[in-house]
Protein chains: 2
Amino acid sequence: MKTSTGSRRAELLALAASLFAERGYVSTTVRDIADAAGILSGSLYHHFDSKESMAEEILTGFLDELFGTYAEILAAGQSPRETLEAVVAASFESIHRRPAEVAIYQSEAKHLMQLPRFAYLNDRNAEFRALWNGILTDGVTAGVFRADLDIELVYRFIRDTVWVAVRWYNPDGALSAEAVAEQYLGILLDGIATKRRPAKRR
Amino acid sequence: MKTSTGSRRAELLALAASLFAERGYVSTTVRDIADAAGILSGSLYHHFDSKESMAEEILTGFLDELFGTYAEILAAGQSPRETLEAVVAASFESIHRRPAEVAIYQSEAKHLMQLPRFAYLNDRNAEFRALWNGILTDGVTAGVFRADLDIELVYRFIRDTVWVAVRWYNPDGALSAEAVAEQYLGILLDGIATKRRPAKRR
DNA sequence: GTCTATAAAGTGATAGAC
DNA sequence: GTCTATCACTTTATAGAC
């Protein structure tokens, strides 16, 4: 819990994050982390209070950065469609730059959230939901998004599809985050069908 | 590993499945399962070889059923669009009927697959990929799906968006699996935008 | 089919020497 | 900042009585 050099701390956190992402938080032991760092497990406790502290620090750092980016996009005050495109692009960008952190958030948040110290994850989820519902509602009002869709459902589909891409996206691969975002927005906005169906009502 | 009554075995498996889904496979102990069943942990080993065996039996049972349904849909020989709609509907239907099993497959398959006894999960993934790529390719050939999309990417998006819905779908809620499937197909096929953009080429 | 009792190994974490 | 040494606890799994 000491401040230590700061860089060593960051180094250990990065190591822990990649192990958490790869093997899962519960399956990763403090010995695994220490081994990867070339030290013994007891030595880790000079830098961190507990295994939970490591996960907490990894997630808060990531989420603060991510929501800072979202705030900038919203502050730019663009159209609903441009805002949606920017938020989707920024999300894929974060998968590109912080794959381990996104993977941990995706896979472990649900379980970690049950611990009191991770209660802030609920706030972030609510913030995320408000962000998307705002964009979608504005777009429907402006007439650029279809009015016959369930906003809440659309929000969930967008959220899930974007983030779950961390499972297969390869930061070192030929397919860039920008290319994925473009393809994804193409599907989301215009669909995969060649012709629009006649509006089908029940 | 005895055959036992059969029904007691199924009862215990259903209990284990819901615990695995809720708390995660690694975090769920055999004591948790035994407690939920009202017996002691040692007694579980009269029915099953190991904790791994329980997970294996849960997943194989679920996947055999699911791919049986897919095979029936393909055998019906409908159009690419009808086939796509039927496969999506059947997938949401399976989330409705077997939420725990889907959740386990979603959350744990990646880690379980690294164990030799779960190698068949790789085969199922390949089978699933072939199924989707076939439907999408047929649809592009028939001119009903856009030709400018990356089939592999579209496959991943469909697969992920459909299955990840298990995280929020409530089998007892007001929103039925059919309604979710309909909304989802509306987005996937036609997009959320009110007007198609002029085809944007790079 | 369940319980008693327990083994064998692994877990997160600590205190103090270097 | 790391190591030595170790504690207290939990884990999966087993053997045999009932």
Side-chain angles (χ1 to χ4, degrees), chain A residues 1-59 104 107-108 111-118, chain B residues 1-59 104 107-108 111-118:
Chain A
M1 195 57 178
K2 302 283 165 48
T3 317
S4 73
T5 330
S7 72
R8 179 58 167 160
R9 190 185 183 75
E11 199 177 351
L12 293 170
L13 275 181
L15 227 39
S18 74
L19 286 172
F20 288 158
E22 197 182 329
R23 310 181 188 179
Y25 172 73
V26 275
S27 294
T28 303
T29 69
V30 295
R31 281 174 176 78
D32 289 336
I33 302 169
D35 283 355
I39 59 179
L40 291 185
S41 64
S43 306
L44 268 184
Y45 289 85
H46 173 74
H47 302 276
F48 306 99
D49 277 344
S50 64
K51 182 180 162 183
E52 263 184 42
S53 292
M54 294 188 229
E56 189 182 3
E57 196 159 335
I58 290 167
L59 284 179
I104 295 168
S107 305
E108 318 285 353
H111 298 118
L112 290 176
M113 243 166 28
Q114 298 177 19
L115 305 171
R117 89 186 304 167
F118 288 98
Chain B
M1 196 55 180
K2 300 283 166 50
T3 316
S4 74
T5 330
S7 72
R8 179 60 168 156
R9 188 186 183 75
E11 198 177 351
L12 293 170
L13 275 182
L15 228 38
S18 73
L19 287 172
F20 288 159
E22 197 181 328
R23 311 182 187 178
Y25 172 74
V26 277
S27 293
T28 303
T29 70
V30 294
R31 278 177 179 79
D32 289 336
I33 302 169
D35 283 355
I39 58 178
L40 290 186
S41 64
S43 306
L44 268 183
Y45 289 85
H46 172 73
H47 302 276
F48 306 99
D49 277 343
S50 63
K51 182 180 163 183
E52 263 184 42
S53 292
M54 293 188 228
E56 188 182 3
E57 197 160 333
I58 290 166
L59 284 178
I104 295 168
S107 305
E108 318 286 353
H111 301 297
L112 291 176
M113 245 167 25
Q114 297 178 20
L115 304 170
R117 88 186 305 167
F118 289 98

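Below, chain A is the first sequence line, B the second, and so on; all start at residue 1. Quick caveat, the model's predicted, so the values are computed rather than measured.
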In whole Å, what is the span from the [atom1] atom of [X] to the [atom2] atom of [N]?
| X | N | atom1 | atom2 | result |
| --- | --- | --- | --- | --- |
| A/R23 | C/dG10 | CZ | C1' | 15 Å |
| A/H47 | C/dA13 | NE2 | P | 15 Å |
| B/D49 | D/dT14 | CG | P | 8 Å |
| A/F48 | D/dT2 | CZ | P | 11 Å |
| A/K51 | D/dT10 | NZ | P | 15 Å |
| A/E56 | C/dG12 | CD | P | 17 Å |
| A/L44 | C/dT11 | CG | P | 14 Å |

Using atom types as modelled and distance alone, determine if a side-chain donor or acceptor of [X] lies under 3.5 Å from a backbone N or O of [Y].
| X | Y | value |
| --- | --- | --- |
| B/R9 | B/H47 | yes |
| B/S27 | B/G24 | no |
| A/S18 | A/L15 | yes |

With a 4.5 Å limit on heavy-atom distance, are the side chains of B/I33 and B/L12 in contact?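 With C-beta onward as the side chain, the pair stays apart.
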Determine: side-chain N/O of [X] to OP1/OP2 of [N], distance under 4.0 Å, yes or no.
| X | N | value |
| --- | --- | --- |
| A/S43 | D/dG1 | no |
| A/Y45 | C/dA13 | yes |
| B/H46 | C/dG1 | yes |
| B/R31 | D/dA13 | no |

Students often get this wrong, so: under 4.0 angstrom with heavy atoms, is A/S27 touching a base, only sugar-phosphate, or nothing? nothing
Which listed nucleotide (D/dT2, D/dT12, C/dT2) is nearest to the side chain of B/R8? C/dT2
Test the A/K51-A/Y25 pair against the cation-pi criterion, namely NZ or CZ under 6.0 angstrom from the six-membered ring centroid and within 45° of the ring axis. yes
Which comes earlier along DNA chain C counting from the 5' end, the contact point of B/L40 or that of A/T29, where each point is its nearest nucleotide? B/L40
